[in-house]
Structures are given as C-alpha cells and as structure tokens.
Number of protein chains: 2
Amino acid sequence: MEIREIFAANLKRCRKAKGLSQEDLAHRAELDRTYISALERCVYAASIDVVARIAKVLEVKPSDLLSGHGD
Amino acid sequence: MEIREIFAANLKRCRKAKGLSQEDLAHRAELDRTYISALERCVYAASIDVVARIAKVLEVKPSDLLSGHGD
DNA sequence: TTTAACCACGGAGTATTCTCGTCATTCTGT
DNA sequence: ACAGAATGACGAGAATACTCCGTGGTTAAA
C-alpha cells in the first residue's frame with residue numbers, strides 16, 4: 001500500500017470520527033477545501049508540515065496519520 | 001518541537017545507526033545529497049513520498065520518522 | 001420540486017520542494 | 001600538518017505542492 005493511500009485513509013477516517021466535513025477541516029487547518037479533497041484522493045504527496053497541521057486539528061499524532069493497519 | 005526537527009533528528013539518528021553517509025543514503029533513496037543535508041537542517045518540509053523512500057532505505061516505518069520521544 | 005450539505009473535478013496561478021553544479025568548511029585518520 | 005571524506009551553503013531551474021476560482025453530481029430533508 002502506497003504511503004499516499006495510507007495517509008488518505010487515515011485522514012478520512014479520523015476526520016469522520018470527529019464529525020468534520022472536508023470544508024470544516026480545511027478551515028480549521030487553514031488549508032484549501034479542494035486540497036483536502038485531493039489529499040483523500042491521493043492526488044498529492046502532502047508535506048510533513050501539513051500532516052502536522054491536520055494532525056493537530058484531528059487531535060492525533062502526526063505519525064498516526066502515516067501508520068498502516070498493523071503498526 | 002517542530003515536525004521538521006523531529007523528522008531531522010530521526011533521520012540523522014537512523015542514518016548513522018545504519019552507518020550511512022548522507023551521500024550513501026541519497027544515492028540509495030534516489031535523492032540528492034544536498035537535499036538530505038538540507039532535510040537534516042530543517043530547511044524543507046519533506047513530502048510523505050520522500051519520507052517513505054527514506055524509511056525504506058533505513059528499514060524503519062515511515063511513521064517512525066515522525067515520532068517524537070515518548071511515542 | 002426545491003434547498004442545502006457534501007464532495008469530485010478542472011484550470012490557472014503562486015509557493016515550495018527537489019535537483020544539479022559548485023565551492024567552502026569541518027571532521028577523521030595517518 | 002596533511003590528505004581525503006563528509007557535510008554545509010548557495011544559486012538557478014525543473015517539478016510539484018498548494019491556493020483560489022468555478023461547475024456539476026449526489027443525497028437527504030423541507
């Protein structure tokens with residue numbers, strides 16, 4: 001599984017767990033709504049800076065967003 | 001601690017643990033030597049694609065490179 | 001049927017990462 | 001002290017992340 005897919009899946013799961021829309025998350029993390037959408041579709045390889053900003057909003061560790069199923 | 005610093009510290013530690021120079025690592029991960037140097041100095045925010053490529057060479061999980069002291 | 005919320009997707013522009021060449025500096029071993 | 005290896009530093013350009021504008025599709029509720 002590609003790292004982008006792992007990140008996308010974790011992002012989507014954590015976002016929904018918090019009951020946030022892509023737009024809610026984008027606003028709170030000061031990112032663009034279409035960019036969040038693109039990240040969940042593996043269009044881009046996010047920089048670790050945005051991983052950290054998203055993790056903060058979702059109240060998880062940055063490393064959690066890069067962790068696959070059995071880690 | 002900034003995410004770049006955490007990544008830089010983990011990168012440097014894991015690289016030395018494998019006995020690799022920046023140039024060795026760069027070559028094996030198909031990255032530029034001066035870029036590895038810059039990453040260890042927190043000049044750039046690496047994309048998750050390069051985190052994954054570096055992690056593979058260093059035989060650690062990508063998430064390990066973003067983990068701070070007590071995670 | 002309308003209205004609203006949510007999301008996929010395109011294009012164009014800006015900002016940043018990443019590559020490459022080069023030279024300077026520091027470190028290591030003899 | 002010296003030579004060679006490893007790293008730091010810098011500028012220029014290519015590649016890609018990221019923003020901002022909009023359009024259309026789906027689903028659920030009024």
* Looking across every strand, which nucleic acid part, if any, lies under 4.0 Å from B:Ala45 by heavy atom: base, sugar-phosphate, or nothing? -> sugar-phosphate
*Reckon A:Arg4 has a side-chain N or O less than 4.0 Å from the OP1 or OP2 of D:dA17?*
yes
By nearest-heavy-atom nucleotide on DNA chain D, the more 5' of A:Glu30 and B:Glu23 is B:Glu23
Of A:Lys16 and A:Asp49, the one whose closest nucleotide on DNA chain C sits nearer the 5' end is A:Lys16
Closest to the side chain of B:Arg33, out of C:dC23, D:dA6, C:dC9, is C:dC23
Exercise. Any side-chain heavy atom of B:Arg28 within less than 4.5 Å of one from B:Lys56?
Worked result: no
query: Under 4.0 Å between a side-chain N or O of A:Gln22 and OP1 or OP2 of C:dA5?
result: no
B:Tyr44 OH to D:dA14 C1', in whole Å, measures 13 Å
Rounded to whole Å, NZ of A:Lys12 lies from C1' of C:dC6 at a distance of 11 Å
query = How about A:Gln22 and A:Arg33: do any of their side-chain heavy atoms sit closer than 4.5 Å?
reply = no
The nucleotide from D:dG8, C:dC9, C:dC20 with an atom nearest the side chain of A:Arg41 is C:dC9
In whole angstroms, the gap separating P of C:dT19 from NE2 of B:His27 amounts to 13 Å
Ranking C:dC7, C:dT22, D:dT19 by distance to the side chain of A:Ser21, first place goes to C:dC7
- Task: Side-chain contact test, heavy atoms from C-beta onward, threshold under 4.5 Å: evaluate it for B:Leu25 versus B:Leu31 and give yes or no.
- Result: no
Separation of D:dA6 atom C1' from B:Asp24 atom CG, nearest Å, is 10 Å
Do the side chain of A:Thr34 and the base of C:dC9 come within less than 3.5 angstrom through a donor-acceptor pair of N or O atoms? no
To the nearest angstrom, the CD-P distance between B:Glu40 and C:dT26 comes to 18 Å
Phosphate OP1/OP2 of C:dA8 contacted by A:Ser37 side-chain N/O (<4.0 Å): yes
Between CG of A:Asp32 and P of C:dG10 the distance, given in whole Å, is 16 Å
*asked:* Can you see whether A:Ser67 engages A:Asp64 through a side-chain donor-acceptor pair at a distance of less than 3.5 angstrom?
replied: no
* Just call it for B:Ala38: base, sugar-phosphate, or nothing, with non-hydrogen atoms closer than 4.0 Å on any strand. => nothing
Rounded to whole Å, CG of A:Leu20 lies from P of C:dC6 at a distance of 10 Å
Classify the side-chain pair B:Thr34/B:Asp32 by whether it contains a donor and acceptor separated by less than 3.5 Å. yes
Rounded to whole Å, the CG-P distance (A:Leu31 to D:dC20) equals 10 Å
